[in-house]
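Inspection log for the structure reproduced underneath, given as structure tokens.
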There are 2 protein chains.
Amino acid sequence: MTQQTTKAKRVEGTGQAPGFVSDYLLYLLAAASDAASAQFHTKVRKAGLRVPEWRVLACLADTDGAMITQLARRALAEQSRLTRIIGQMEDRGLLIRRSDPADGRRVRVYLTDAGRALTAELVPQAQKHEAALMEMLQGNVGAQLKPALKSLLAVLEAQEDWQG
Amino acid sequence: MTQQTTKAKRVEGTGQAPGFVSDYLLYLLAAASDAASAQFHTKVRKAGLRVPEWRVLACLADTDGAMITQLARRALAEQSRLTRIIGQMEDRGLLIRRSDPADGRRVRVYLTDAGRALTAELVPQAQKHEAALMEMLQGNVGAQLKPALKSLLAVLEAQEDWQG
DNA sequence: ACAAACAATATGATTTTTCATATAGTTTCG
DNA sequence: CGAAACTATATGAAAAATCATATTGTTTGT
């Protein structure tokens, strides 16, 4: 059937052999995330941003004036890294930092006009890309994926709250 | 059809405000992957491994004697990084490298007994962890998640073959 | 058989990331 | 009030990742 004779012809794609890995949930999640993001992240880089920077912009589009710590969680980056990234973005004039008058430890981050403009360009691109992806998935899969991921996230966040 | 007068429900934990990000597929994938992996990756580190190292072991458990490039794809790491990681793992005696007699450019990687022992310890832990996760998901969600991710991956890999 | 084109891995140099901890501001409570 | 205990952000030093390219081996076309 799929016999390929002596020279074991190169397998396609990841060269996925059946086995533990290719059915392992954590692998599927990481691989799907990686692969799905790859294309869009290319556009992000062409816009002169690194991935976490784009994430920061997207988060600020949702909640301008967020704190560093919040941004770190939402952008899936560590706090010390986020601090530096914010610093660089500030230098580039994409955002500004202002300490919260109500609590001096907090630093709130706001988009500048330049930052807002860039965001206004990228978010629609992201949405378009997402729509294209969703369209490629067979009907029910497309419909199930996001809710399933949200459930998973909900379960995991609930766990965090108890365990630590 | 898929239109859902976006009434986005508030989410806990991340302090997720409804908005673009929390319903964005690429975010959901990355966040779910991150959160789901976090717990197990803690165990991995306690076993003295970094995440990509664990991934290499898992891949080798499936296909001992894989090439560096294959391992890089499967372990979701870049080739030059993988090369160095393999080097370190070899130094630690977890695996050995042998150049392929049929094609001298290729380097095939094999588990040592020590590597195999460690793998034999971790893979079952991973499976147990996965099972626990799956059990926490509501019936149909648990059943849908993996197939949905596999479809997504299949679609994305098909695309790569044309475009990239 | 040979030169170009290609493929797999390695490596130097630079940039990022991480880890631990410093610094600064705030709350708790005796 | 004032001393812990805490919380938010920053930062130095070390580890790791990335990029471009070198090196080595193989295939192809003439």
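Letters go in sequence order (proteins before strands), and every chain restarts at 1.
Considering only the side chain of Ser80(A), dC19(C) comes nearest among dT18(D), dC19(C), dT26(D). Comparing dA10(D), dC19(C), dA8(D) by their nearest atom to the side chain of Arg97(A) picks out dA10(D). Distances were taken from every side-chain heavy atom of Arg105(A) (C-beta onward) to each of dA8(D), dA8(C), dT18(C); the shortest belongs to dA8(D). The side chain of Arg84(B) lies closest to dT18(D) when the candidates are dA10(D), dT9(C), dT18(D).
Within 6.0 Å of the CZ atom in Arg98(B), the count of heavy atoms belonging to other residues, nucleotides or ligands does not exceed 12.
Salt-bridge annotation for Lys146(A) and Glu130(A): present, with a side-chain N of the basic residue lying under 4.0 Å from a carboxylate O of the acidic one. Between Arg50(B) and Glu53(B), at least one side-chain nitrogen of the basic residue sits less than 4.0 Å from a carboxylate oxygen of the acidic one, meeting the salt-bridge criterion.
The end-to-end axis angle of the helix from dA1(C)-dT30(D) to dG30(C)-dC1(D), rounded to 10 degrees and based on five pairs per end, is 20°.
Per the geometry, CD1 belonging to Ile85(B) stands 16 Å off P belonging to dT17(C), to the nearest Å. Atom CD in Glu78(B) sits roughly 14 Å away from atom C1' in dT11(C) (whole-Å rounding). One can place CZ of Arg73(A) at 13 Å from P of dT9(D), the figure rounded to the nearest angstrom. As a whole-Å value, the separation of Leu82(A) CG from dT11(D) P is 15 Å. Rounded to an integer number of Å, the gap from CG of Asp103(A) to C1' of dA24(C) is 11 Å. Across the protein-nucleic acid pair, Gln88(A) atom CD and dT17(C) atom P stand 8 Å apart, rounded to whole Å. When rounded to the nearest whole Å, the span between CD1 of Ile68(A) and P of dT11(D) equals 11 Å. Atom CG of Asp91(A) and atom P of dA10(D) are 12 Å apart (whole Å).
In this model, the phosphate group of dT9(D) is not approached by any side-chain N or O of Arg81(A) to a distance below 4.0 Å at OP1 or OP2.
Donor-acceptor pairing under 3.5 Å, judged by distance alone, is absent between the side chain of Gln79(A) and the base of dA8(D).
To the nearest 0.5 Å, the span separating CE on Met67(B) from CG on Leu82(B) amounts to 11.5 Å. From Leu57(A), atom CG reaches atom CD of Glu121(A) across 11.0 Å, with rounding to the nearest 0.5 Å. Expressed to the nearest 0.5 Å, how far CZ of Arg45(A) lies from CH2 of Trp54(A) amounts to 13.5 Å.
Mapping Pro52(A) and Gly104(A) onto DNA chain C via the closest heavy atom, the residue that lands nearer the 5' end is Pro52(A). Residue Ile86(B) is the one, among Ile86(B) and Arg45(B), whose nearest nucleotide of DNA chain C lies closer to the 5' end (criterion: closest heavy atom).
Ile85(A) is not connected to Val51(A) by any chain of hydrophobic side-chain contacts under 4.5 Å among Ile, Leu, Val, Met, Phe, Trp and Tyr, and they are in different clusters.
Considering only residues two or more places apart in sequence or on other chains, Phe20(A) meets the ring pair (Phe, Tyr, Trp, His ring centres under 6.0 Å) condition with Tyr24(A).
Arg50(A) comes within 4.0 angstrom of sugar-phosphate atoms only, judged by non-hydrogen atoms across all strands, and of no base. Residue-level contact check: Arg108(B) touches neither bases nor backbone, having no heavy atom under 4.0 Å from any strand.
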